[in-house]
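These numbers come from a predicted model, not from an experiment.
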Amino acid sequence: MRVTIDSIGKSFPGVVALGGVSFEVHPGEIHALMGENGAGKSTLIKIVTGVYRPDRGRLLIDGAAANFASPRDAIAAGISAVHQERNLIPRFSVGENIMIENLPIRRGLVDYGEAHAQARRFLDMIDPSIDTRAEVRRLSVAQMQIVEIAKALSLEAGLLLLDEPTASITDHEAQALFAVLRRLRSEGKAIVFVSHKLEEVIALCDRVTVLRDGKVAAAGELIAAMSRSRIVSAMIGREERVAEIGPRTFARGTPALEVRGLATSLGHKDVSFTLRQGEILGLYGLVGSGRTELARALIGDARILAGEIRLKGAPISIADVSDAVRRHRIGYISEDRKNEGLILAHPIRANIAITIWPRLASRLGLLTRRLEERAATPLARKLDIRTPSLEQQVGKLSGGNQQKVSIAKWLAASVDVLIIDEPTVGIDIRTKTAIHELIAEITRAGVSVMLISSDMPEMITLADRILVMRDFALVGEIENERRYEPMSRRIMGFIHAGLEAGESQQEASHG
Amino acid sequence: AEASNNKIALIPGGPHPYFAPWEQAAADAKKDFNIAAVDFKVPTEWKLNLQTELIESLLTQGYNGFGIFPGDAVGINTTIEELASNNAPALALAGCAQDPTKAAFCLGTDVYNSAYLGTKALIKAMGGKGKIVHLAGLLVDPNTKLRMDAVEKAVKETGGAVTLIQHITDTDAQEAADQKINALLGAQKDQIDGLIATAYIPSVVAAKSLRNLGDKRIKLVGIDDDKIVLDAIKDGFAAGTMAQNPYGQGYIGAYVLDLLASGICKVRADAPFIKTPQTARFIDSGTLLISTDNIGSYKDDLKKITNDIRSSIKSKYLDCK
Amino acid sequence: MLAVAIAIGFVILSLLSPAFLTEYNLYVMLRSFCVVLVVAFAQMLTLAVGQLNLAIGALGGLVAIAVGGMMEKLGFPISAAVGLGLLIGLGGGLANGLLTVRTGINGFIITLATASVFTGINLGVTESIPFYNLPGPFVAFGVGRFFAVPYLLIPPVLAALLLALFLARTAPGRYLLAVGGNAHAAELSGIPRDRIIVLAHALSGLLAAIGAILAEAQLGSAQPTIGADWLVMSFAAPIIGGAALTGGHISVAATALAVVLVVLIQNGMVLAKVDPYWVQFLLGALILAAVGLNRLRAVRVEAA
Amino acid sequence: MSLASDIELRSGRRAWLSEQSGAIGLAGIVIIFWIVFASWAPGFVSPFNLFAISRTLAIDIVIGFSTMVVLATGGMNLAIGAIGVCSVMLAGYLMQKLGVPYPLALTVALLLGALLGWANGVAIVRSGVNSFIITLASASLYTGGMLILSKAVIYNALPPAIAAFGRMRFGFVSPLLIVALAIGAALVVLFRFTALGREILAAGANARAAQLSGVPVSRAIIVAHTLSGLLAAAAGLMLLSRLGAAMPSIGEDWLLPSFLAPVLGGALLSGGSISVVGAMIGALLVTTIRSGLLIMQVGNFWLLLFLGMMLLLAVLLDRYRTVYAERRSLGRRA
Ligand SMILES: Nc1ncnc2c1ncn2[C@@H]1O[C@H](COP(=O)(O)OP(=O)(O)OP(=O)(O)O)[C@@H](O)[C@H]1O
Ligand SMILES: Nc1ncnc2c1ncn2[C@@H]1O[C@H](COP(=O)(O)OP(=O)(O)OP(=O)(O)O)[C@@H](O)[C@H]1O
Ligand SMILES: [Mg+2]
Ligand SMILES: [Mg+2]
């Protein structure tokens, strides 16, 4: 399928998301679509899939004008997509979600056996461990993303659009996805791939189109002919080397948070570690290893069955989340920004200021918009949040800019301990560095950070020490020497030791 | 009579078949007494605030005499007071406003007396002994309390020969009535000898349920002359029903309001009003027991009562120029 | 589950009152169950897509008097009158759905307004005077029974089975729940969201019409007030049965159990000769107790 | 168009205007209706009718507020009528039977309202059961309790000051309307300018996100229900002053109207978004249509039909206006 995008334009109140974009996607290629947060990538994908109608311009499929009134039309035309935001039916099973466009019907009734069997086939391409009969709302963010990918694959469409499909999955699943994509390419399908991870784009894609502020900065250039720095400069608009974060000097301070023998209702067993003041403590593990759940337990969102938590040496008990935040000053940036991080219907200003409302209020107890604005503006500037105004609803920002808001609000809060879960999912390279710098900066001011990330380079850049988690238990602790190769090998060593043990166990039970 | 340019409104508490005769009464009164307008105006729902809004709006439109069925016996008084301060006389029709009130007087069924007489009739039909159940209307309606008291009084007078098993209230909605009454019959039909219904809907539902059961042993005395109840009487499923006189209330009400609004007459201070628990100025619009004996003729009986009251009311209760 | 509360209630009542388990009382209870059940289903379908239908009662009233009027005044045969009545219900629901979808206005407001329109037509036509002379077979259906089982129970039971099948096993049924679960996701999956919402409203209207006709047969007359007090119960049953107001999660069986529970409580209070002043209070207390019991179990299950 | 220094300029008045555009648009529609009724319905703008409208409006507004504050949390309160009547009956009992002076009696009645609302809130938070079910049951419980204690008697020998207040006129408005406006002003301050109010809204918009941001969500829900109870009691007492008597039938019919005003005014049933001014204008719209139709003598039994159609017309107009405004603003900027 050949797709021609011909001077397409789209505006939202206050924003020109796309200002006349033209390029072409050929059959049998993986076409990268790149650009900074808010450049217009997702908007373009939504136009191609019939979610939005363009204000101007045409879309041609195999040379014929296509005019999609709804996603239904696009699907009928053989187009499928993984959108940036998760779009699953929470109470439906994994299998039914995957097959929903195309439920197998027998004698007028849905044939669930068949549905699950077919779903299994597509899910197996990426991750065989997910149960097709599980309810989607019980899955982790990463697992949902995998289901979403399987769902897009199930349509076996001529054009497949993937908007940051690898944002919250680990390398393991990403590689499986790439293998599938390469196979589809060889079958002559056209694929559009959006990602902020330059390395994987270079490794996977054939050509690249770069968007900048809604305009084309590079149209369909061959990746082989582009260097990393040329792509970056096309994205940010000037010759600029993206600054690498400098070496961190971290003086071993007093313990800020000590955890001893923690067991939780979620399944953690005997977890012990110490987070020192001003330290960035990394927590690495595969999807589903229980990192997010550990964070939950630490902020009073899960029942603690045994063990002790000490804050600055004193044992504490945490009643609930607001107790953790307001009394013990422990904050948590969720990996699930849509459901847990942001109030999508409220303006940026309120989302950033929410953690400090009681503190912002004037002596009369009055909290004015101006006060909130004064607190939020510098952060919005630092993180380069692209928006017509701070009054914009967060839900109307681009995915990456939403993520920035969810980080910004915790940088505003003055907590002593901050747990950060997958902070730079969907963030462009330039802002990623800015966020890294900000995290380093708050630790210098005395905040202790626990960093959960599936992004290995990020982990190795930022963390002072790295804990490795597997199956809800800590299996290793490594002092970070910030050299990528040896570090990643050691981390994976801890994980693989367990994986092999697990696999041999499985084999034993099969045998 | 002389032509008058008064505009009279007859306002029930809400839509209800009981008030249907008021429309004819209004038309007849307009013609018979040569009044500029007599209109039947119904609040859209059975809610006090809708009734008061309607009355206020009619006042704005120049109506100057109001015959009102109080949607709430007490709640209506502030509105009536307002009417009085705008020189628009008001009568409480069919039901009374609770004293102290500015309503000129109340022309209606004496609910206490009617319930009392109904119960007496029931007891008589049961042969003076047995167990009865009282089916009543909305518990929050003060009239319901009066009716409960009246039933209890009639029962007490039998000196123990008749016992009251229970009051069942809040049976004013069709479905609630159907459910509660059938549940009652389902569980205890063998212990019950008589039913006294003191509200429109439960009368109808009880009559129907007894017919469905095919039970002529249980005696029923209802209220009002709904067709279902009348048929039940004819076929022996009900002993009787307490007829009220809605037509007369509307007709006489319009007549008196015209006289009052014209300023020709005033209510006599020493008129021979009946005193009821609700008001000291009550005129009975007539109630009678419909039974097999008079089922064919009760309408004429009511007409006669209406004419009697109408022709005597001026001299008995009013003071005219 | 709710079934436990019901079982407890059943045992207590049969111990308390020998009359409880008589054939006639069971018949009476089953009979009072019919209309409420269908009405609860009517609301359940709009809840399924995350909408509210405040016009159920009003539409029911309109259908009831239309069917009554057609049989009494126009002399239509029963089947024609009932058929047309169902069509009116379907049409009213369709109007609700189309207005909601086409204008993009909250269904709450739309159905509140159309409720007023339906009731307005009802009152305008009848001037609140019922139709009494319904054909004999129609009325006989309303009171007929096979031992303790009223004929009236047949349509609701059929409706429940069909609905359960529809929601669990047919594509439109699944789409309905998908739209309620996540309207945007459903749309991206190519499900015609608007059409599905219209479908939910139309079916809701149809069920309201069935409820109205059953009520009419049960009462033996076409009362303009039919439906006037359906609203709260129509929500209460699905929600006590665990439906989410936000949509996507409903259960036919749990809704039916909730109706049984409430009917049982009401029947029990009459049997127990509860003092009228205590009826309301006990009703509230018992609902709370039942829901609390249900909740306790849910918490136990989650903890385990 | 990255975040530039013109942020400060853009926000402020512009933001306020765009946020209030819903309320302003609705107000426009109300004005159209007023013009129509004033020219077609004789007597619509007569002092007496204006007074009557203002009095009805005042109570409708406060009833609407009572529901609005729980809508803010994404919950519902079906018990507002029950709470209202409990407060009214307590006030009546205190004044008539115990001879308590009316300022004290009214205060105690307001406190009872707050207490009953608080009990709802606590029950909802502690049990984790949907507010719909809890308040459905508590409505029954409260009304039942009131009936048991009062035996449904009416208190109508109240201090004359009570009824006098309800009859009083300032020009052609009732002082009740001034009370309603004052409550509205207080709510504006609460939801716009205090951390508490903002927390309630945040909890309603996304409870999970609010909780993870440190907002004490349970407390916010309890506060909202307490406030709802207080407002229900206030509405009840306003009605008490209007009727001059405490009766057990007050509050029975509050449920639907209580939703109508805030939802017309732009409140989301899913929570997190309300408009105090919008709710007041929503109530005004409904009162206007009802009063106008009554005065235009739209026939008796057909009135409801016209009421429904007018309401549809009004919301359609409002909808059309919003869509049109959006298109225009896009056209200007693109
Ligand atoms: N529904 C909407 N309403 C208003 N503005 C919107 C809406 N959707 C997108 N925008 C704006 O359009 C611009 C382009 O957004 P888009 O989501 O296409 O960016 P993107 O390239 O996908 O960014 P990211 O990498 O962060 O996902 C942004 O400025 C965004 O704020
Ligand atoms: N095979 C599985 N099927 C269904 N649910 C699973 C499975 N494995 C894990 N889960 C659930 O997924 C979640 C994984 O835990 P958690 O989110 O803490 O992991 P993580 O290490 O943070 O990984 P990530 O957040 O990247 O998925 C938990 O809710 C767990 O119950
Ligand atoms: Mg995007
Ligand atoms: Mg995680």
Query - Minimal non-hydrogen separation, D/Leu304 against C/Gly120, with atom names - result: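 Looking at all heavy atoms of both residues, the closest pair is CB-CA, 3.6 Å.
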Query raised in the report: What closest approach, in Å, do C/Ala285 and D/Leu141 show between heavy atoms, and which atom pair accounts for it?
Result: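 For C/Ala285 versus D/Leu141, the nearest heavy atoms are N-CD1, 3.3 Å.
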For [X], is it the side chain, the backbone, both or neither that has a heavy atom under 4.5 Å from a heavy atom of chain C?
X: D/Met76; answer: side chain
X: D/Leu136; answer: side chain
X: D/Ala314; answer: neither
X: D/Leu264; answer: both

Query raised in the report: If you tally heavy-atom pairs under 4.5 Å against chain C, which of D/Leu147, D/Ile148, D/Val263 wins?
Result: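 Winner by heavy-atom pair count: D/Ile148.
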Query raised in the report: What's the verdict on side-chain contact (heavy atoms from CB on, under 4.5 Å) for D/Leu305 and C/Leu123, showing C-alpha distance, side-chain angles and the deciding distance?
Result: CA-CA 9 Å; D/Leu305 171 65; C/Leu123 289 181; over 6 Å; no
**Report entry** All side-chain contact (heavy atoms from CB on, under 4.5 Å) counterparts of D/Leu256, not counting sequence neighbours
**Finding:**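 D/Leu256 satisfies side-chain contact (heavy atoms from CB on, under 4.5 Å) with C/Leu54, C/Leu112, C/Leu231 only.
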Sort [X] into side chain, backbone, both or neither according to what part of it lies under 4.5 angstrom from a heavy atom of chain D.
X: C/Val279; answer: neither
X: C/Phe118; answer: neither
X: C/Ile109; answer: side chain
X: C/Leu99; answer: side chain

Requested in this report: Name the option with the most non-hydrogen atom pairs under 4.5 Å to chain D; the candidates are C/Ile287, C/Ile110, C/Leu52, C/Ile240.
Outcome: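 Looking at each of C/Ile287, C/Ile110, C/Leu52, C/Ile240 in turn, C/Ile240 comes out on top.
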Query raised in the report: If you count heavy-atom pairs under 4.5 Å with chain D, which of C/Leu282, C/Leu286, C/Leu288 comes out on top?
Result: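 Most pairs with chain D among the choices: C/Leu288.
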Query raised in the report: Looking at side-chain heavy atoms only, is the closest gap between C/Val117 and D/Leu311 below 4.5 Å?
Result: no
Output all donor-acceptor pairs under 3.5 Å across chain D and chain C; consider backbone as well as side chains.
| from | atom 1 | to | atom 2 | distance (Å) |
| --- | --- | --- | --- | --- |
| D/Ser127 | O | C/Arg295 | NE | 2.8 |
| D/Ser140 | OG | C/Gln280 | O | 3.1 |
| D/Leu304 | O | C/Ser116 | OG | 2.8 |
| D/Gly308 | N | C/Ser116 | OG | 3.3 |
| D/Arg319 | NE | C/Thr103 | O | 2.7 |

